[in-house]
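Before any comments, here is the structure.
Per chain, numbering begins at 1; letters A, B, ... match sequence-line order.
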2 protein chains.
Amino acid sequence: MSRQRPTLADVASAAKVSVSTASLAFSGAGPIAAATRQRVLDAAVELGYSGPNPLGRQLRRGRSGIVGVVVGDALKRSFRDPVSVQFLDGLVGTLGSLGLGVLLVPGPSDPSQPAVDPLVESAAMDVAVVMWGGTSDHPVQDVLQRRGIPTVVVEGRREEGVVTVGIDDRNGMAEATRHLLALGHERIAVVTLPFDASRREGIVPPERLSQIDWEITRRRLAGVTDTGLRPTAVYETPASLVEHGHAAGLELLRGDDRPTAVVCHSDLLASGVVLAARELGLRVPQDVSVAGFDGLDLPWLAPDVLTSVAQPLADKGAAVAHAVEDLLAGETPVHRELPVTLRVGTTTGPAPA
Amino acid sequence: MSRQRPTLADVASAAKVSVSTASLAFSGAGPIAAATRQRVLDAAVELGYSGPNPLGRQLRRGRSGIVGVVVGDALKRSFRDPVSVQFLDGLVGTLGSLGLGVLLVPGPSDPSQPAVDPLVESAAMDVAVVMWGGTSDHPVQDVLQRRGIPTVVVEGRREEGVVTVGIDDRNGMAEATRHLLALGHERIAVVTLPFDASRREGIVPPERLSQIDWEITRRRLAGVTDTGLRPTAVYETPASLVEHGHAAGLELLRGDDRPTAVVCHSDLLASGVVLAARELGLRVPQDVSVAGFDGLDLPWLAPDVLTSVAQPLADKGAAVAHAVEDLLAGETPVHRELPVTLRVGTTTGPAPA
DNA sequence: ATGAAAGCGCTAACAC
DNA sequence: GTGTTAGCGCTTTCAT
C-alpha cells in the first residue's frame with residue numbers, strides 16, 4: 001500500500017509484456033495468447049491492480065459511457081411520482097445492458113433558483129435525456145446544444161432537430177373522455193397537470209386556457225376537448241400529487257351543481273379526487289365517476305380500481321434508451337410515439353339519473 | 001461544423017496565447033490579465049468552444065467528480081419507497097452544491113441475477129454510497145474495496161474500516177413500542193422489513209427470529225423487544241410496500257384473538273395495516289392501534305395521521321454527502337447516527353377494554 | 001502575467 | 001501475437 005495506485009504500465013512491466021498487450025489482456029479485444037493473458041492477470045492480482053482506470057479509457061475513447069438524465073423537477077417532487085420512477089427504471093435497465101450509466105441531473109426547481117444545474121454545464125455525458133421537456137423556455141436544452149451533447153427529449157414538443165419520445169396521450173385522453181360520455185355523463189370536470197412553472201392551483205379562468213406552456217398538459221387537455229366536450233370546469237394543479245387531486249376534488253365536488261364525472265390528467269390526481277369524493281360522502285362511481293391517466297397500480301385505493309389510460313412506462317424508458325443508443329451510433333433516431341390503452345376499473349359508471 | 005470539436009489548444013492559438021493561459025481563462029484559478037481572459041473567451045465563442053472537456057480535466061485531476069450511489073434493490077422497487085427517494089433528494093442536493101454528480105448504480109435485484117452490476121466494476125467514481133448496506137454478503141462492497149473506492153454505507157452494519165451513517169432506529173422503535181405499552185396494549189404484533197433477500201412473507205416461525213440477515217431489520221426488531229415486550233406475532237414482509245402491509249394486516253387482524261396494536265417497521269407497511277383494518281371493519285384506533293416508522297407524509301391515509309417514528313431523511317442525505325466530502329478530502333469521517341422522533345398521530349389510542 | 005513542457009492512464013494504429 | 005508509438009484534452013509546476 002506504500003506507493004501510488006498501480007497502472008497498466010506497472011502491470012505490463014511486472015508481467016514482462018508491453019502495455020498494449022496488457023491492455024488486450026483486460027479488454028479481450030484483440031488477439032492474445034491465453035498464457036500471456038494469464039500472466040498479465042496474475043501480475044495484476046499480485047500488484048493489486050483492479051482493472052483499467054476508467055478515466056484514462058474514457059479520455060482515450062472520447063466517451064464517458066454516461067447518460068445524463070435531467071429530471072424535470074426537483075428530485076423529491078419528481079420521484080414522488082411513480083410515473084417518473086417507473087420510466088427511469090426502464091431507462092436505467094436498458095441503458096445498463098448497453099454498458100451505459102445514468103447520471104442524475106436535477107432539473108429546474110424553483111423559478112428563483114439558477115435555471116440550469118452546474119452539472120448540465122460541465123459534467124461528462126455522451127448523451128442527455130430530458131424528462132418532461134415540454135416547456136417553451138429550454139435553458140437546459142440550450143446549454144446541452146451549445147455543448148454539442150445529443151439529447152433525447154421525453155414528452156416534449158416535437159421540434160426540428162430534437163429527438164423526442166412520447167406517448168399518444170392526446171388520443172388516450174380522448175378515449176377516456178369518450179368512455180365517460182358513452183356512460184351518459186354530461187357534466188364533466190377536468191383536473192389538469194400544471195400549465196407552467198408558476199405552480200398555480202384552482203379553477204382556471206377561461207382566458208388562461210390558451211396559455212398552456214407545458215406541452216404535456218396542452219396535449220392532454222386537447223384530448224379532452226377533441227371529443228367535443230365542453231368541461232364544466234378545468235382545475236389546474238401545481239403538481240401530479242395525491243394531495244392536489246384531493247384539493248381539486250373537494251372544490252369541484254362540493255355543491256349541488258357538481259359534475260357527475262371528473263377526468264384527470266394523472267392517476268395520482270384522480271386518486272386524490274376519489275378520496276375527496278369519499279370524504280364528501282359521495283359514492284364512486286354511483287354519484288361521481290373518476291378517470292385518470294397513467295395506469296398505475298394504486299393498492300391503497302382498494303377496494304377501488306381506478307379507470308385509467310395506461311401508458312407503457314417501462315417501454316418508454318426502453319424506447320428512450322434505444323434512441324440514446326442510436327444517437328451514440330451516429331444515427332438520427334426517429335420520433336417514437338407509444339400507444340396507450342384505456343383500462344376500465346371500478347371508478348367509472350353510468351351517470352346518475 | 002466541418003471539422004473536429006475545438007479543443008483548448010485551438011482556442012489558445014486563435015487567441016494567440018498559450019494553452020496554459022487559456023486554461024486559466026476558464027478555470028479562473030491563477031493570475032491572468034482581464035484583457036487576455038476576454039480575448040480567450042471571445043475566441044472560444046468564435047470557435048464554438050463550450051468549455052474544457054470534462055474527460056481531459058478528469059484524467060488530469062485524477063477525479064471524476066462522480067459519486068456512485070448503489071441503490072439497495074431494483075430501482076423500481078427502491079424508488080416506490082419515499083424513504084429512499086427523500087434520502088436521495090437530500091444526498092443529490094448536498095452533493096450538487098459540492099460540485100459532485102450522482103451516478104445511479106442498480107443494486108442486487110433478483111438473487112438469480114449477477115450479484116454485481118457492471119457499473120460497480122468499471123464506472124468512474126470517486127466515492128461510492130451503498131444504500132441499505134446491511135446484508136452480510138457484500139459482493140458490491142467487496143468489489144468497491146478491491147477497486148479502492150472509498151465507500152459510505154447507509155443503514156448498514158458498523159464495521160471496522162467502513163464508514164457508516166445511520167439513524168437511531170433501535171431506540172426509536174423502542175419508543176414507539178413503549179408508547180403502545182403506555183396506552184395499555186398487551187397484545188401487540190410486529191410487521192417487519194425483510195429478514196434477507198429471500199423475500200419471504202408471513203408470520204415468522206420462532207426459529208427464524210435469530211436468522212435476520214438485514215441489519216436494519218435486526219435493529220428495529222431489537223428495539224421492539226428491548227421494551228420487554230413479547231409480541232403476539234411477528235410478520236415478515238418481502239418489501240416495504242403498502243400491499244405487503246395490507247396482506248399482513250389482513251392476516252394478523254382476522255380472528256377474535258387478534259392483537260390490539262400493531263407496530264410496523266415502516267410507514268408504508270403501517271398504512272397497509274390501517275387499510276386492512278378498515279377493510280375488516282375495525283376502527284382505528286378504537287379497535288386496533290397502528291404505529292409506523294419513517295415519518296412520511298401519507299395524504300391518502302386521510303383523515304388519519306399515522307403515529308410514526310420520524311427520521312430526518314433529508315438530513316441523512318446531507319450527512320452522507322458530508323461523509324463523502326470528508327472521504328474526498330482524505331479524512332476519515334466518523335460514524336454519524338441521527339436522532340429520530342416519535343410523532344403521535346391519530347392511529348394509536350388506548351387499548352380496548 | 002504568460003509560456004513551455006510534462007504527463008494523468010489508457011487504447012488503437014501500425015509495424016514486426 | 002506482441003511491441004512501438006502516438007496521442008485523447010487537459011492542468012499544473014516551473015521558468016521567464
Got more than 12 heavy atoms from elsewhere within 6.0 Å of CD, B:Glu121?
-> yes
What's the closest nucleotide to the [X] side chain, out of [options]?
| X | options | value |
| --- | --- | --- |
| A:Ile32 | C:dT11, D:dT2, D:dG3 | D:dT2 |
| B:Arg60 | C:dA1, C:dA4, D:dG9 | D:dG9 |
| B:Leu8 | D:dG7, D:dC10, C:dT2 | D:dC10 |

For atom [atom1] of [X] and atom [atom2] of [N], their distance in whole Å:
| X | N | atom1 | atom2 | value |
| --- | --- | --- | --- | --- |
| B:Arg57 | D:dT12 | CZ | C1' | 13 Å |
| A:Arg5 | C:dG7 | CZ | P | 21 Å |
| A:Asn53 | D:dC8 | CG | P | 19 Å |
| A:Arg37 | D:dT2 | CZ | P | 12 Å |
| B:Arg61 | D:dC8 | CZ | C1' | 17 Å |
| B:Arg63 | D:dT11 | CZ | C1' | 15 Å |
| B:Leu55 | C:dT11 | CG | P | 13 Å |
| B:Leu24 | D:dT13 | CG | P | 12 Å |

So what does [X] touch, heavy atoms closer than 4.0 Å: a base, only the sugar-phosphate, or nothing?
| X | result |
| --- | --- |
| A:Pro31 | base |
| A:Ser20 | base |
| A:Tyr49 | sugar-phosphate |

OP1, OP2 of C:dT11 versus side-chain N and O of A:Ser23: anything below 4.0 Å?
-> yes
Give a yes/no on whether any side-chain N or O of B:Thr7 is located under 4.0 angstrom from OP1 or OP2 of D:dG9.
-> no
Map B:Val19 and B:Ala33 onto DNA chain C by nearest heavy atom, then report which one ends up closer to the 5' terminus.
-> B:Ala33
Residue whose closest nucleotide on DNA chain C lies nearer the 5' end, B:Thr36 versus B:Leu59 | B:Thr36
Atom pair OG1 (B:Thr151) and CG (B:Leu144), whose distance is rounded to the nearest 0.5 Å | 4.5 Å
Could you state the interatomic distance from CZ (B:Phe87) to CG (B:Asp315), rounded to the nearest 0.5 Å?
-> 11.5 Å
Do the charged groups of A:Arg158 and A:Glu215 touch, with an N to O distance under 4.0 Å?
-> no
With a 4.5 Å limit on heavy-atom distance, are the side chains of B:Thr94 and B:His322 in contact?
-> yes
